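Here's the structure, in structure tokens; my notes come after.
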There are 2 protein chains.
Amino acid sequence: MALPPSLTPGDRLNIIIGVTGRATTGSRKNAGSASISDVAGSAGVSLMTVSRVINGHPRVSEETRRRVLAAIRKLNYRPIRAARDLSRGRSRSVTVMTSNTTLYGRAALLQGIEEAARYAGLHTDIGILESPRPSAVEAAIERSCDPASGGVIVIAFDLAGVRALRAIPAGIPVAAAVEINNVKDSRAYPTAALDDRAAAFAATQHLLDLGHRTVHHVSIPSSTNASARLQGWRAALREARARIPEVIAGGWTPQSGYEAGQRLAADRQVTAVLCGNDDLALGVIHALRQAGRAVPDSVSVVGFDDVPSAAFYAPPLTTVRLDFVGLGHDCFALLQHAADPDSIMPEFNAAAPKLVVRETTRPPRRP
Amino acid sequence: MALPPSLTPGDRLNIIIGVTGRATTGSRKNAGSASISDVAGSAGVSLMTVSRVINGHPRVSEETRRRVLAAIRKLNYRPIRAARDLSRGRSRSVTVMTSNTTLYGRAALLQGIEEAARYAGLHTDIGILESPRPSAVEAAIERSCDPASGGVIVIAFDLAGVRALRAIPAGIPVAAAVEINNVKDSRAYPTAALDDRAAAFAATQHLLDLGHRTVHHVSIPSSTNASARLQGWRAALREARARIPEVIAGGWTPQSGYEAGQRLAADRQVTAVLCGNDDLALGVIHALRQAGRAVPDSVSVVGFDDVPSAAFYAPPLTTVRLDFVGLGHDCFALLQHAADPDSIMPEFNAAAPKLVVRETTRPPRRP
DNA sequence: CTGAAAGCGCTTACAG
DNA sequence: CTGAAAGCGCTTACAG
């Protein structure tokens, strides 16, 4: 355990008392914690006054506030969440529904949402979507959607998320992070998105500018035909009057990129590949290298996301940086707006996608 | 947005009704949702009976149960979390306190905890530790530790976590994931750990067996002198009567590994390096390569964790696989035990660390 | 500036 | 198998 060797467990109590000044006394009904009436009694005021102090209500005399605060400290009182939430009629927490939080984009998004929520005084809890099967989605909602929830943010980058979004019960404030913001859908749900289309366009353009005749694409699962990344990629190709190759459907993992890469490696026409994310790119590059097609000498590869490791891959990966944390902030702002329609529509502050050129792209070899 | 193009937003209502059979009617006080008494009224039974049905209580006649279920469906009723939690005296959620969830180990651990909690019918919420400063830790606890919480699991791999663990108010069930389980500390808190010491020992041993005279170490921040990884590394060196080099303190990121790698590259004595995690290893390798010291030709490198990408790095990384998801399960089991001391102590099921030899290690060059 | 009352929506005993 | 009562610990009106 990472305890400094100089501290023995016996120090625990000392530390708690030392840091917070709390006594460990006061055992009562509810798990040994003091209630608001205990504090009121101890401070010689009404329960209402304690409530006012806790909530930072202005109309409390300094003297009273001090007494109450002292009692709170003495009894080591903290409000019970459930009681507050129940009496307020709304819980003070947002739940984020998402599949697999270990994937970079979702993890960063979750971080952004949590930051914003915390800043606004809300807690974050997570509702995992195990599978896109309707019954699984339904179960996840049954489990995670409190009717008195402070709001739900669904990460609808994949089918499970899209389905969950549609099944959120009415009456719960909701917002979603989506792959692409189109007018039709944003009328149905408040949605926030990064400009994946522009990002894919820029990445493809970069490869074309280098002199590649066309650019192949290994897609992430979310990429249906309406996918923003696919759209941007196709648009750049079309604009350059380049041939539009068939999309190779990948998964989320390097392994699935590896498998796509093996197919790509077999095709001598392939000189440039745009991948749906960096993990995919890593796998693609590995397969290419194994097949004797070095990157970038023989084939150029671009990723998507700019995960923290991408700059240290060998070779360092050219990719598009996506501001998932910023998107998380935006989603939360959107949710706040959804919860209070009288509020003004928030501005989106997530950074625009940015092409980061590193060392996996270069002009094609002259035949 | 990732909606199939064939579906327009107008379909939303249809889908909700279609999938769940719910009516969208019934607007009442609390955010438009029906309460348990509404259901009771509609089904012509008492509120108690509805409660029994919801909670799967056995002593309810089939006929009654059916009627209640029908009313629940008709009114689209779902229980409000806060009300349940309050009346039960304990919330049905665990909160995971951790710093930065985007780091692989923590993300995987969180996933494991969430899985186990979900399986047990509990929700998971997250309490982020922004900094190890005592005031920040205290604030995080103030924010996240509901006195009626179902329990808290703290990820105490770093200083912030260790401090948080010690400051969890008495009366809240708690368990911790720690770097190393020692007898003293596990008497103070229920803790679960992976055998990092054995893992580091095995990794170091592997390098020594290859013929390296000694092994350098780039550590993650958690690694104090009592760190399990340091212990295992030192023990292996000592056993082999090898020189024990000074530890190079790294951070969590590839960038910090890169900086450590630059220092290592300058030292011609260095032929083998054990890194505190895979990200660090990636950075170290990058720096080494830039300095003209190829891996593994000139220097061998071993990581820690076996992140999903490690097998696809160039070269594929030799590392130690750690079962963080399993550790998460174990932490949750431990918490359950802490919440109910009469229960039997759970067995730990996390897989033992496993050295995965790939291509960043080989015998040192003959001078 | 302070307080007494009512109520949030459930569940836990206690009866029958 | 079913129900009437009391209460969980807060906050929201409403008074003063």
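Quick note on labels: first sequence line is chain A, next is B, and so on, each numbered from 1. All values derive from a computational prediction rather than experimental measurement.
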Practice task
Using whole Å, report how far CZ of B:Arg78 lies from C1' of C:dG9.
Solution key: 16 Å
Handout entry: Residues that A:Ala338 engages under side-chain contact (heavy atoms from CB on, under 4.5 Å), provided they are two or more places apart
Key = A:Pro190
Fill in the blank from the handout: Taking Watson-Crick and G-U wobble contacts under 3.5 angstrom, with | marking pairs to another strand and [ ] crossing pairs, the secondary structure of DNA chain D is written |||.||||||||.|||
Handout entry: N/O (side chain, B:Thr49) to phosphate O (OP1/OP2, D:dT2) under 4.0 Å
Key = no
Fill in the blank from the handout: Distance col, row B:Thr124:OG1 vs A:Asp125:CG, nearest 0.5 angstrom, shows 8.0 Å
Handout entry: Results of side-chain contact (heavy atoms from CB on, under 4.5 Å) for B:Ala116 - residues two or more places apart only
Key = B:His329, B:Phe332
Practice task
Taking the side chain as every heavy atom from C-beta outward, state whether B:Gln111 and A:Asn100 have any pair of such atoms under 4.5 Å apart.
Solution key: yes
Problem - With A:Asp85 via salt bridge (Lys or Arg N to Asp or Glu O under 4.0 Å) - residues at least two apart - result: none
Practice task
Would you indicate, yes or no, if C:dG9 has its OP1 or OP2 atom less than 4.0 angstrom from a side-chain nitrogen or oxygen of B:Ser35?
Solution key: no
Distances for protein N or O near nucleotides 11-13 of chain C N or O, under 3.5 Å:
| residue | atom | partner | partner atom | Å |
| --- | --- | --- | --- | --- |
| C:dT11 | OP1 | B:Asn55 | OD1 | 3.4 |
| C:dT11 | OP1 | B:Asn55 | ND2 | 3.0 |
| C:dT11 | OP1 | B:Arg84 | NE | 3.0 |
| C:dT11 | OP1 | B:Arg84 | NH2 | 3.3 |
| C:dT11 | OP2 | B:Ser51 | OG | 2.6 |
| C:dT11 | O4' | B:Ser87 | OG | 2.6 |

Practice task
Under 4.0 Å from any atom of DNA chain C, heavy atoms only: list the residues of residues 58-71 of chain B that qualify, in numerical order.
Solution key: none
Practice task
Indicate yes or no: does A:Arg118 engage A:Glu115 in a salt bridge with an N to O separation below 4.0 Å.
Solution key: no
Practice task
Say whether A:Ser91 and A:Asp146, considering side chains only, have a donor N or O and an acceptor N or O under 3.5 Å apart.
Solution key: no
Exercise for the section: Taking the side chain as every heavy atom from C-beta outward, state whether B:Ser33 and B:Arg78 have any atom pair closer than 4.5 Å. Expected result: no
Exercise for the section: Taking the side chain as every heavy atom from C-beta outward, state whether B:Arg84 and B:Arg81 have any pair of such atoms under 4.5 Å apart. Expected result: no
Handout entry: Side chains of A:Leu110 and A:Thr98 in contact at under 4.5 Å (non-hydrogen atoms)
Key = no
Fill in the blank from the handout: Atom CG of A:Asp85 and atom P of C:dG9 are separated, to the nearest Å, by 13 Å
Practice task
Can you measure from CD (B:Glu347) to CG (B:Asp330) and round to the nearest 0.5 angstrom?
Solution key: 10.0 Å
Problem - Rounded distance in Å - NE2 (B:His57) to C1' (C:dC10) - result: 16 Å
